[in-house]
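As the structure is a prediction and not an experimental result, all values here were calculated from the model. In listed order, ligands and their atoms are each counted from 1.
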Amino acid sequence: MQGLKDSSITDNNFGQEDKLLIRGDKPLRGEVIISGAKNAVLKLMAAAILVPGEVTLQNVPPLNDVLKMVEILEFLGGKCNYNKEREILKLDFSDITSIYAPYELVSKLRASFVILGPLVARMHEAKVSLPGGCQIGSRKIDLHKKGLEKLGAKLDIEHGYVEATTNGKNLQGCEIYLDIPSNGATENLMMAAVLADGITVIQNAAKDPEIVDLADFLNTCGARIKGAGTQNITIEGVSKYQLKGVTYSCLPDRIEAGTFLIAGLATKGNVTVKNVVPHHLDALLSKLKDCGADLTIQDNSINIATPIDGYTGTDINTVWYPGFPTDLQPQMAALLTMSQGASIVKESIFEDRFSHVYELNRMGSSINLNNNIANITGVTELSGTKVRGTDLRATAGLAIAGLMAKGVTEVYGLDHLDRGYSKFVEKLQGLGAEITRASAN
Ligand code: EPU
């Protein structure tokens, strides 16, 4: 891109790696098509382990996390054929040759821990590396473990691995109460219960759209799941022979859509996101309205426009769906740095998801962070500098800040961004952003 030259000096924190170069302070305008949802696709891929036939998934974006999941599934013996251009992924688990998922693979993709449930349900044993914590928090698995034990599996955690066995028997349906409505635990247990004998009820389940998508997919394959999207999910177990391969299109990514809507308002622009399910974004849309955004909501698109006098601050608290999503907190924090007035952003899902705050303050924002609560006083200007995102959504939030800032912002941490945003740079360029990716090689 003309005028966007890489003038960085290598230092310890900002080394030889890809980065975004953004010249900000320019409104985004236009339409953007939203891709399939990362957090749904990865679970549908794991669910294919239950099905002894060919599953075809459509609307599968070419994300690094998808590619890593393919590696894991292939390691287990699944046949995977991914057409990245057409975004179609075929998976065939007619045969499974390994019940073991090693650290080297699982550690690259924490979400892959959801293979445990389907693997132990189908194979009656599994050995899966513990996923470990990450930059945003400890990412515990106690609820996955307790639930699988209630279903009749014996679990040992040793040397960094979870070893699960049912001693050759089927899992047994039961009632499982989750202390908190964890997404991963709901998904792991729901998938495990599909092949259990009898009926399983998961109480206090996560209600996210990705859970509903997973249940819809499994039901299309022949599973009997009711209540997904509510706090009680009932699963009547079936035999693996009752599950058949199907073609299924993954739901759109509400977090990607939210990211572009926030970027539209943050740059005082006018952006339409297409291929979305608007009610999945209710919490965000309500907050954007509080900020003064003009929203036009149609069946599968949302337009955001900015009033002439800009936008005001608002308060958010991240909570379980249908509350405000933690995965949009960093992007929203970036937006609020330049709102009129003050805002309070509280993170209630993860222990440590505020690394972007320090970088935003280096760009000129005024944020005080205390006990997982960020007090933001709106400023009139951000100024571009080098910043680093330490997780996926933090990097997206810093990119939004770069689009708002005067001068050039260099955003590092693209290994995180590549995990979850497909064609991020191209989509922003399509909206008129001055953004480019500078490659280290
Ligand atoms: N938790 C427990 N015990 C458990 C499981 C979870 O205490 O057994 C705690 C976690 O430590 C965490 C909280 O519950 O503090 C949320 O965990 P949850 O299990 O709901 O999250 P997850 O399944 O690990 C998914 C998404 C995250 C998203 C969260 C919350 C995927 C692959 N990841 O994680 O997405 O933030 O739900 O909505 O679906 C992202 O896309 O950037 C991302 C981090």
Side-chain angles (χ1 to χ4, degrees), residues 35-47 61 63-66 68-69 72 106 108-117 130-150 155 157 162 176-191 202 204-214 250-251 253-259 280 283-284 318-332 347-353 355-356 372 389-397 413 415-422 424:
S35 298
K38 166 183 85 84
N39 290 346
V41 168
L42 295 171
K43 318 308 165 51
L44 302 189
M45 293 172 72
L63 304 168
N64 277 359
D65 273 8
V66 168
K68 286 177 203 156
M69 192 66 152
I72 293 169
V106 174
K108 286 191 203 160
L109 174 62
R110 193 160 290 97
S112 63
F113 193 65
V114 291
I115 64 174
L116 180 64
L130 284 169
C134 71
Q135 271 90 352
I136 60 177
S138 58
R139 314 294 291 262
K140 291 188 283 241
I141 54 127
D142 53 315
L143 302 174
H144 303 239
K145 179 172 182 283
K146 268 204 244 165
L148 286 172
E149 284 172 343
K150 257 207 130 181
L155 266 75
I157 299 187
V162 179
I176 301 168
Y177 173 79
L178 298 179
D179 293 339
I180 54 170
S182 147
N183 277 288
T186 303
E187 290 154 347
N188 234 338
L189 300 173
M190 186 167 85
M191 287 191 272
I202 305 176
N204 197 28
K207 300 181 205 139
D208 299 54
E210 293 75 20
I211 305 280
V212 179
D213 203 46
L214 178 59
C250 304
L251 94 167
D253 197 317
R254 62 192 165 106
I255 304 301
E256 188 197 16
T259 302
H280 291 169
L284 172 70
T318 66
V319 276
W320 308 102
Y321 187 87
F324 193 93
T326 173
D327 291 345
L328 286 173
Q329 179 263 105
Q331 302 89 317
M332 197 69 184
E347 173 61 52
S348 303
I349 303 291
F350 288 109
E351 300 103 319
D352 196 11
R353 200 172 203 177
S355 63
H356 46 285
N372 255 1
T390 55
D391 75 87
L392 167 57
R393 311 302 173 185
T395 310
D415 46 338
H416 301 296
L417 195 74
D418 293 340
R419 288 185 37 227
Y421 287 92
S422 158
F424 189 69

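- Between G184 and ligand 1, an N or O atom pair is found at a separation short of 3.5 Å.
- The distance criterion of under 3.5 Å between nitrogen or oxygen atoms is met by K43 with respect to ligand 1.
- The distance criterion of under 3.5 Å between nitrogen or oxygen atoms is not met by I180 with respect to ligand 1.
- Taking CG of L63 as the reference point, atom CG of D418 lies at 9.0 Å (rounded to 0.5 Å).
- Residue contacts with ligand 1 for L143 involve both N, CA, C or O and side-chain atoms from C-beta outward (heavy atoms, distance under 4.0 Å).
- Salt bridge status for K43 with E187: present, with a side-chain N to carboxylate O gap under 4.0 Å.
- Residue contacts with ligand 1: N39 is placed with a nitrogen or oxygen under 3.5 Å of a nitrogen or oxygen of the ligand (distance criterion only).
- No N or O atom of D208 sits closer than 3.5 Å to an N or O atom of ligand 1.
- Looking at W320 against ligand 1, only its side chain comes within 4.0 Å, counting heavy atoms.
- When each atom of ligand 1 is checked for a heavy atom of R353 under 4.0 Å away, the hits are 36 (O), 42 (O), 44 (C).
- Under a 4.0 Å criterion applied to the non-hydrogen atoms of T326, ligand 1 contributes the atoms 30 (C), 36 (O).
- Contact annotation for N183 and ligand 1: heavy atoms of both the backbone and the side chain come within less than 4.0 Å of the ligand.
- Scanning for side chain to side chain contact (heavy atoms under 4.5 Å, CB included) contacts around K150 gives C174, I176, with sequence neighbours left out.
- Using a 4.0 Å cut-off between heavy atoms, E256 makes no contact with ligand 1 at all.
- Listed by atom number, the atoms of ligand 1 under 4.0 Å from D327 heavy atoms are 27 (C), 28 (C), 35 (O), 36 (O), 40 (C), 41 (O), 42 (O), 43 (C), 44 (C).
- The shortest N or O to N or O distance between R393 and ligand 1 is under 3.5 Å.
- Considering both main-chain and side-chain atoms, I349 comes within under 3.5 Å of ligand 1 through a nitrogen or oxygen pair.
- Between D65 atom CG and M45 atom CE the span is 9.5 Å, to the nearest 0.5 Å.
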